[in-house]
Novice: 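My structure is below; once you've seen it, I'll send some questions.
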Amino acid sequence: MKGRRLLMIPGPIEFEPDVLQAMGQATTSHVAADFIEVFGRALERMRQVFLCPGGQPFVVAGSGTLAMDMAASNLVEPGDHALVVSTGYFGERFAAILERYGAQVTMVRAPLGAAPALDEVEEALGQRDFKLVTVTHVDTSTGVLTDVKGVAALAQRYGALSVVDGVCATAAEECRQEEWGIDICLTASQKAIGTPPGLALLMASPRALEAWRRRKAPVANYYADWANWLPVMEAYEARKAAYFATPAVNLVAALDVSLGHILAEGLEARFRRHVRIGAACKEGIAALGLTQLAQPAVAAHTMTAPYYPAGIGPEVLKAILEAGVILAGGLHPEIKGRYFRIGHMGSVSDGDILATLGAVERGLAAAGYRFEAGAGVAAAQRELLRGS
Ligand code: PMP
């Protein structure tokens with residue numbers, strides 16, 4: 001479509017036409033037989049996408065922050081100790097949410113662009129009895145990817161529950177919830193899951209549900225309380241209707257279509273595609289002489305966070321927009337104005353990466369940055385051809 005801009009931010013992403021068509025269908029009753037079937041199937045597909053056949057899915061109207069809130073409010077009782085492995089803005093947010101429910105929070109942080117070593121996480125875990133450990137799979141403010149498998153294994157060894165914020169990762173970065181022993185994996189619809197914003201998605205292990213059942217204090221958040229939602233999720237999966245609060249009927253229909261696409265591609269192929277596309281974007285950016293926030297060993301495959309070159313600032317994003325691609329500015333409060341972010345997850349294609357690098361080159365050229373024209377596109381193309 002002429003005049004259409006390519007949306008390449010780390011969420012919301014671009015959505016498949018049939019996902020958007022599902023949104024646009026006439027809204028039906030939330031207890032209609034056809035909706036019960038769609039919701040039930042979406043819940044079954046959630047288990048497959050999260051690679052968690054024994055988990056309990058929750059699909060609730062809200063955003064990723066509500067999914068974090070749901071994990072914290074259902075697991076934390078006042079005075080519980082929680083360990084937060086923070087690699088940026090969203091780790092700090094998790095700490096704030098946990099504290100709101102009365103948790104005593106200990107942070108394990110790393111310098112900007114790095115991830116804490118597992119040794120440091122283990123050392124913290126050895127200090128006291130933690131009820132739970134949270135870790136952000138990809139922190140969208142830094143583009144740092146964490147070793148959630150390693151953190152979950154440590155949590156298990158020390159008798160703590162593990163909670164993974166997969167908002168910028170789930171259905172794109174390798175994650176095997178059940179095999180890796182992750183107790184809660186949560187995300188939002190608008191990222192690699194590929195459904196417009198508006199759904200909080202969460203998968204709880206039997207261990208997490210058990211911890212919730214054993215709690216003494218009531219859940220301090222009425223809307224997020226699993227006591228309200230569990231019967232609803234169980235009913236729809238058994239192809240029966242139940243009501244606590246009106247589900248987002250059109251979004252659930254869209255989610256079902258999108259989860260179907262993810263399963264048709266296959267998770268292994270999907271993880272590989274994100275590795276390949278992520279590498280192409282990073283090679284392209286590096287070839288233009290731009291450095292990146294995340295250290296290469298811990299760089300996400302779902303997004304890239306380049307620093308602006310010397311003398312260039314956020315105004316370059318406007319020139320990139322004029323060249324047809326929407327990118328995001330910085331988010332981490334310490335360096336907000338010094339870097340920008342490119343999202344490449346979900347149904348992103350090879351062509352999207354080449355178009356993005358082309359637009360970045362146009363924007364940089366307009367801002368007076370000197371580089372060899374086409375160097376970024378060529379490097380990305382080489383990487384795509386190598387990996388195809
Ligand atoms: N965690 C991470 C890693 C995120 O990227 C985001 C959103 N960018 C959130 C949590 C919060 O999600 P939402 O904006 O949908 O509330």
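Residue indices begin at 1 and follow the sequence shown. In listed order, ligands and their atoms are each counted from 1.
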Novice: Starting from the C-alpha separation in whole Å, work towards a yes-or-no answer on side chain to side chain donor-acceptor pair (under 3.5 Å) for Tyr158 and Glu122.
Specialist: CA-CA 9 Å; Tyr158 284 82; Glu122 179 158 20; 2.7 Å; yes

Novice: Please give the N or O to N or O pairs under 3.5 Å between ligand 1 and the protein, distances rounded to 0.1 Å.
Specialist:
{"unit_1": "ligand 1", "atom_1": "1 (N)", "unit_2": "Asp165", "atom_2": "OD1", "d": "3.3"}
{"unit_1": "ligand 1", "atom_1": "1 (N)", "unit_2": "Asp165", "atom_2": "OD2", "d": "2.6"}
{"unit_1": "ligand 1", "atom_1": "5 (O)", "unit_2": "Thr140", "atom_2": "OG1", "d": "2.3"}
{"unit_1": "ligand 1", "atom_1": "5 (O)", "unit_2": "Lys191", "atom_2": "NZ", "d": "3.2"}
{"unit_1": "ligand 1", "atom_1": "8 (N)", "unit_2": "Lys191", "atom_2": "NZ", "d": "2.8"}
{"unit_1": "ligand 1", "atom_1": "15 (O)", "unit_2": "Gly64", "atom_2": "N", "d": "2.8"}
{"unit_1": "ligand 1", "atom_1": "15 (O)", "unit_2": "Gln190", "atom_2": "NE2", "d": "2.9"}
{"unit_1": "ligand 1", "atom_1": "16 (O)", "unit_2": "Ser63", "atom_2": "OG", "d": "2.5"}
{"unit_1": "ligand 1", "atom_1": "16 (O)", "unit_2": "Gly64", "atom_2": "N", "d": "3.3"}
{"unit_1": "ligand 1", "atom_1": "16 (O)", "unit_2": "Thr65", "atom_2": "N", "d": "2.8"}
{"unit_1": "ligand 1", "atom_1": "16 (O)", "unit_2": "Thr65", "atom_2": "OG1", "d": "2.5"}

Novice: Counting distance only, does the side-chain N/O of Gln56 pair as donor-acceptor with the main-chain N or O of Ala204 below 3.5 Å?
Specialist: no

Novice: Check whether Lys191 reaches the backbone of Met345 with its side chain - one donor and one acceptor, N or O, closer than 3.5 Å.
Specialist: no

Novice: For Gln177 and Phe50, which heavy atoms make the closest approach, and how far apart are they?
Specialist: CB-O, 3.3 Å

Novice: Output side-chain donor-acceptor pairs under 3.5 Å for residues 159-168, partner residues at least two apart or in another chain, one line each.
Specialist:
{"unit_1": "Ser162", "atom_1": "OG", "unit_2": "Gly181", "atom_2": "O", "d": "3.4"}
{"unit_1": "Ser162", "atom_1": "OG", "unit_2": "Asp183", "atom_2": "N", "d": "3.1"}
{"unit_1": "Asp165", "atom_1": "OD1", "unit_2": "Val167", "atom_2": "N", "d": "2.9"}

Novice: Check step by step if salt bridge (Lys or Arg N to Asp or Glu O under 4.0 Å) holds for Arg109 and Glu92.
Specialist: CA-CA 10 Å; Arg109 296 189 176 91; Glu92 304 303 311; 2.9 Å; yes

